[in-house]
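Here the structure is laid out as structure tokens; the discussion comes afterwards.
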Amino acid sequence: MALSLFNTLSLAVEEFVPADGKTVRMYSCGPTVYNYAHIGNLRTFTFNDTLRRWLAYRGFVLDHVMNITDVEDKIIRKSMELGIPMCDYTRKYEEFFLEDMVTLRLEKPERIVRATEHIHEMVELIETLQDKGLTYDSEGSVYYRIARFPGYGKLSHNDFSGIQAAARVDNDEYDKDDARDFVLWKSRKGEEPYWDAPFGAGRPGWHIECSAMAMKYLGSTLDIHTGGVDLAFPHHENEIAQSEGATGKPFARFWVHCEHLHVDMQKMSKSIGNIYTLRELVEMGHSPEALRFVLMSVPYRKKLNFTIESLKGAQTSIDRLRNYKLRLETDKLADGQNNEIEKLCQQALAKFEASLDDDLNTAEALAAMFEFVRETNTLLDQGAFLAGNRASALDLLKRFDRVFDVIETRATENGLGDEAIEALIAERTAAKKSKQFARADEIRNQLLEAGIVLEDTKEGVRWKRK
RNA sequence: GGCGCGGUAGCCAAGCGGUAAGGCAGAGGUCUGCAAAACCUUUAUUCACCGGUUCGAUUCCGGUCCGCGCCUCCA
């Protein structure tokens, strides 16, 4: 089966091929940088990463753009409260975000673009919409007149025809003609940051940045546009109105949305106090890979219920894969090649690939791996796994890690060097031989404290860094 | 009210017409000086409930109950 994705436009899983057959032009709504990203944000960005990696695995070239929203109401309010220039404030959180991406092993999109560096493009886009008669001015601000855009609601599958005739909506804050209308350009207020524009000083509305930047870098029609489910309406619906209103062409062929993450069955919220950040989890002693594993273990279209328990389970699962890899690399195996095992490798790879092709079914892909690990561990125990089978099993792990990226460690050498460790192991082996088990255990504990775990196998001692 | 999603073992979760993957946790066992690692056995005669279609339904259709999301800012 070919690579397919669930498209919010059609509410169906469709086969995906980039328009030009080769390069995937993809846009992802990025973070608003006014705070640390929480694990819910991170789930969506991890989904972007999985999608990226799988597209690349399938041989497509990526041209992936992600925006950084660095001008927005909350940002303005917070930076003004703190008396810090807006750009200093946002730059700090942008850096934290990029650090988190590295920690979580999220691949960097080809381009990460800031809203404040594309005001010019936004102004031009608004002018185009004005020229087409799709806007109206109100007290220095510019609004989109949705009644002029047929098809509004096609992404969120809302039928707005009923309220189409609605006359001027009462609203203290905005002076809109229709409830669906939204602001493209907000007139300057007080000491807020502003930019000059033909229609007056002010700042861009929330939605315009994505349309302007996506089209600037990727053209009028994107292959894929991604974001969290909550963005489908109104944000993405409005992006469609802006972009298609201006170009008359479909804005994105595929809209792919990632479901939310809950914590302990509840929505994350400040009042409940169940908002976690990557940094907090790492401080608590959990590994970034464990979080990555948890986030990837539930397919992106299902709500994910995060618990600390699941994080611990994820770590155990990762350790299992790492132990298996170590075993493949270090076990003494008899010469030859067992064809049955080669067949198992092929089957596991086929299931792994088919699962991810099927709308990124990461849960099933994981199952394929674990099934393979269990089966071949048994064969390893039985001595049926031969030296000639090593390569294909390791290759399978490598392919798995091209997407999941949780097996390879980034642990750096700490304190003890390899030679010192080998020396201590030799001493312990000698102690064991002369039945001095107390001394042997003492050495093992000493190494454990240094982060070295020993395993006694039939062929001798195997060690690994924790 | 409108649109959409979901209810599968203690927990997470796949499967979605042919008789229940996988992970974690638990119990017992093999191996070991003890560990660790690994393996084996064990944990759903059953997939919220009630009807219907079918030779056959967890999978399709209708209804009921429960939970959730969006419809205002939100990943």
Side-chain angles (χ1 to χ4, degrees), chain A residues 8 11 28-32 37-48 72-74 153 155-160 162-163 171 173-174 179-180 182 206 226-235 237 257-262 265-269 293-294 297-307 309-324 326-327 330-331 351 355 358 361-382 431-433 435-438 440-441 444-445 448 453-458 461-464:
Chain A
T8 307
L11 297 180
S28 298
C29 285
T32 301
H38 59 239
I39 56 175
N41 298 320
L42 262 15
R43 183 194 190 190
T44 298
F45 297 119
T46 303
F47 151 69
N48 286 156
E72 179 260 2
D73 291 2
K74 278 189 290 271
L155 180 68
S156 52
H157 303 281
N158 280 315
D159 179 9
F160 292 98
I163 62 166
N171 191 316
E173 228 179 313
Y174 300 112
R180 301 169 301 165
F182 58 93
W206 174 37
T226 73
V229 272
D230 53 300
L231 295 184
F233 187 89
H235 184 53
E237 199 74 73
H257 293 100
C258 181
E259 249 300 347
H260 275 347
L261 170 152
H262 285 198
M265 303 300 283
Q266 290 173 297
K267 199 172 174 177
M268 278 189 291
S269 79
F293 188 99
V294 167
S297 63
V298 178
Y300 77 94
R301 281 204 288 136
K302 279 204 105 173
K303 271 185 267 293
L304 187 160
N305 182 35
F306 177 87
T307 62
E309 204 53 40
S310 63
L311 247 200
K312 290 178 187 161
Q315 188 60 56
T316 309
S317 298
I318 293 170
D319 288 342
R320 178 127 181 258
L321 295 171
R322 287 178 176 169
N323 285 330
Y324 175 70
L326 186 66
R327 193 172 182 191
T330 59
D331 267 16
K351 186 178 173 192
S355 301
D358 181 14
N361 191 337
T362 45
E364 203 165 60
L366 233 25
M369 280 307 298
F370 279 102
E371 209 170 331
F372 174 79
V373 168
R374 180 173 39 73
E375 284 168 348
T376 50
N377 256 326
T378 303
L379 293 164
L380 241 6
D381 281 356
Q382 294 169 348
K432 273 176 63 178
K433 237 178 196 153
K435 306 272 184 201
Q436 292 175 290
F437 295 121
D441 290 348
R444 187 166 66 194
N445 287 331
L448 186 63
V453 180
L454 300 190
E455 291 173 20
D456 292 334
T457 72
K458 281 187 187 123
V461 183
R462 175 163 67 201
W463 64 273
K464 63 190 176 191

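Note on naming: letters A, B, ... go to the chains in the order of the sequence lines (proteins, then strands), and numbering restarts at 1 for each one.
Nucleotide B/U46 forms a pair with no other nucleotide shown, judged by Watson-Crick or G-U wobble geometry with both contacts under 3.5 Å. If you check B/C34 for Watson-Crick or wobble pairing at under 3.5 angstrom, you find it has no partner at all. A 3.5 Å limit on both hydrogen-bonding distances identifies B/C5 as the Watson-Crick or G-U partner of B/G67. Nucleotide B/C16 is matched to nothing when pairs are restricted to Watson-Crick or G-U wobble geometry with both distances under 3.5 angstrom.
Counting only heavy atoms from C-beta on, A/Leu11 has its side chain closest to B/G4 among B/G4, B/G22, B/A21. The side chain of A/Lys432 lies closest to B/G33, out of B/G33, B/A38, B/A13.
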Note to self: Does the protein touch nucleotides 69-75 of chain B at the base, only the backbone, or not at all? Give it as B, S and - per nucleotide, heavy atoms under 4.0 Å.
What the structure shows: SSS-SSB
Margin query: Apply side chain to side chain contact (heavy atoms under 4.5 Å, CB included) to residues A/Val298 and A/Lys303 and explain how you reach the verdict.
Written below: CA-CA 8 Å; A/Val298 178; A/Lys303 271 185 267 293; over 6 Å; no
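Separating the P atom of B/C16 from that of B/C34 is a span of 47 Å, rounded to the nearest Å. Rounded to a whole angstrom, the distance from the C1' atom of B/C74 to that of B/A14 is 30 Å.
By the stacking rule of 5.5 Å between ring centres and under 30° between planes, A/Phe370 does not stack on the base of B/G22.
Using modelled atom types and a 3.5 Å distance limit, the side chains of A/Ser156 and A/Glu237 yield a donor-acceptor pair. Side-chain contact, A/Thr457 with A/Arg462: no donor N or O sits under 3.5 Å from an acceptor N or O.
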